[in-house]
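The block underneath contains the structure these notes are about, expressed in structure tokens.
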Amino acid sequence: MSVAPQQSIILLEDIDAAFVKRTDEKDEGRASGYINRVTFSGLLNTLDGVASSEERLVFMTTNHLDRLDPALIRPGRVDVKQEIALASRTQVQKMYSRFYPDQIPARAEEFADNVMKLGQRKNIAQIQGHFMLFKNDSLGAIENIELLRN
């Protein structure tokens, strides 16, 4: 982060796993080519301490907000927390319309209804992945909705 240019956007994905030791072997990380050179204190300093710089947006993602140290997400360090929940019917419908802009609105409604009938809500990435399977086949996305059941 120290070499990130001003007016840049930085994404720290899965921040909850950044300082969790996943194995008991000390040398395994080094042998596999991965070594954690970041300390928790160092991260806090790069975010808003003496090592921080202005004009950067930092996004941090996590699937486990409860695992984050309160010092990392205190007010002033983290200005906005936004939960991205499972997709609603309206979001699914809008995604279909945006992915297949040449389709009539009734198709988007049909797709959204079918997703909701699966009995389990899906996240945005799952819906997008389904669309990628049927990039050029808007009807195939509807006809193969069962692939989303997994």
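Quick note: numbers below take in every heavy atom, side chains included, and nothing from hydrogens, waters or symmetry partners. Numbering of residues begins at 1 and proceeds along the displayed sequence.
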Report task. Inspect the surroundings of CG in Leu11 and state if more than 12 heavy atoms from other residues, nucleotides or ligands are less than 6.0 Å away. Result -> yes
Query raised in the report: Rounded to the nearest 0.5 Å, how far does CG of Asn63 lie from CD1 of Ile84?
Result: 10.0 Å
Query raised in the report: Looking at NE2 of His64 and CG of Asp14, how far apart are the two atoms once the value is rounded to the nearest 0.5 Å?
Result: 8.0 Å
Query raised in the report: Which atom names give the shortest non-hydrogen contact between Phe40 and Asp69, and what distance separates them?
Result: CZ-CB, 3.5 Å
Query raised in the report: Given the rule that I, L, V, M, F, W and Y join up when any side-chain heavy atoms are under 4.5 Å apart, are Leu147 and Met132 in one cluster?
Result: yes
Query raised in the report: How many angstroms lie between CG in Asp102 and CZ in Arg107, if you round to the nearest 0.5 Å?
Result: 10.5 Å
Query raised in the report: Can you find a pair of side-chain heavy atoms, one from Glu83 and one from Leu65, that are under 4.5 Å apart?
Result: no
Query raised in the report: Taking the side chain from Arg89 and the backbone from Met116, do they hold a donor-acceptor pair closer than 3.5 Å?
Result: no
Query raised in the report: Any donor and acceptor pair, going by atom type alone, linking the side chain of His130 with main-chain N or O of Ala141 inside 3.5 Å?
Result: yes
Query raised in the report: Can any side-chain N or O of Asn123 pair as donor or acceptor with the backbone N or O of Ala125 at less than 3.5 Å?
Result: yes
Query raised in the report: With side chains defined as the heavy atoms from C-beta onward, is the minimum distance between Asn114 and Glu110 less than 4.5 Å?
Result: yes
Requested in this report: Report whether Leu86 and Val92 are members of the same hydrophobic cluster (ILVMFWY, side-chain heavy atoms less than 4.5 Å apart, transitive linking).
Outcome: no
Report summary line: OG1 of Thr62 to CG of Leu68, rounded to nearest 0.5 Å, is 4.5 Å
Query raised in the report: Does Arg56 use its side chain to pair, donor to acceptor, with the backbone of Gln7 at less than 3.5 Å?
Result: no
Report task. Could you check if a side-chain atom of Leu44 sits within less than 4.5 angstrom of a side-chain atom of Leu72, using non-hydrogen atoms only? Result -> yes
Query raised in the report: Would you call Arg74-Asp48 a salt bridge at under 4.0 Å N-O?
Result: yes
Report summary line: Distance col, row Leu148:CG vs Arg121:CZ, nearest 0.5 angstrom, shows 14.0 Å
Query raised in the report: Under 3.5 Å, side chain of Arg77 to main-chain N/O of Ala71, donor-acceptor pair present?
Result: yes
Report task. Go through the steps to decide whether Val115 and Ile145 satisfy the test side-chain contact (heavy atoms from CB on, under 4.5 Å), and finish with yes or no. Result -> CA-CA 7 Å; Val115 169; Ile145 202 77; 3.5 Å; yes
Query - Closest approach of Ile73 to Lys81 (non-hydrogen atoms, all atoms of both residues) - result: O-CE, 3.9 Å
Query raised in the report: Can you find a pair of side-chain heavy atoms, one from Val58 and one from Leu47, that are under 4.5 Å apart?
Result: yes
Query raised in the report: Within a radius of less than 6.0 Å around CG of Asn136, do more than 12 heavy atoms belonging to other residues, nucleotides or ligands occur?
Result: no
Query raised in the report: Is there a side-chain contact between Phe134 and Leu139, using heavy atoms and a 4.5 Å cut-off?
Result: no
Query raised in the report: Side chains of Ser138 and Gln103: do they bring a donor and an acceptor to under 3.5 Å?
Result: yes
Requested in this report: Anything under 30° is parallel, anything over 60° is perpendicular, the rest tilted; go ahead and classify Phe131 against Tyr96.
Outcome: perpendicular
Query raised in the report: Looking at CE of Met95 and OG1 of Thr90, how far apart are the two atoms once the value is rounded to the nearest 0.5 Å?
Result: 13.0 Å
Query raised in the report: Do the side chains of Ile10 and Phe59 get nearer than 4.5 Å, heavy atoms only?
Result: no
Query raised in the report: What's the shortest heavy-atom distance between Gln93 and Ala108, and which atoms?
Result: O-CB, 3.6 Å
Requested in this report: Would you please test Asp66 and Asp16 for side-chain contact (heavy atoms from CB on, under 4.5 Å) and show each step?
Outcome: CA-CA 9 Å; Asp66 58 314; Asp16 56 284; over 6 Å; no
Query raised in the report: Does any N or O in the side chain of Lys122 come within less than 3.5 Å of the main-chain N or O of Ala87, such that one atom is a donor and the other an acceptor?
Result: no
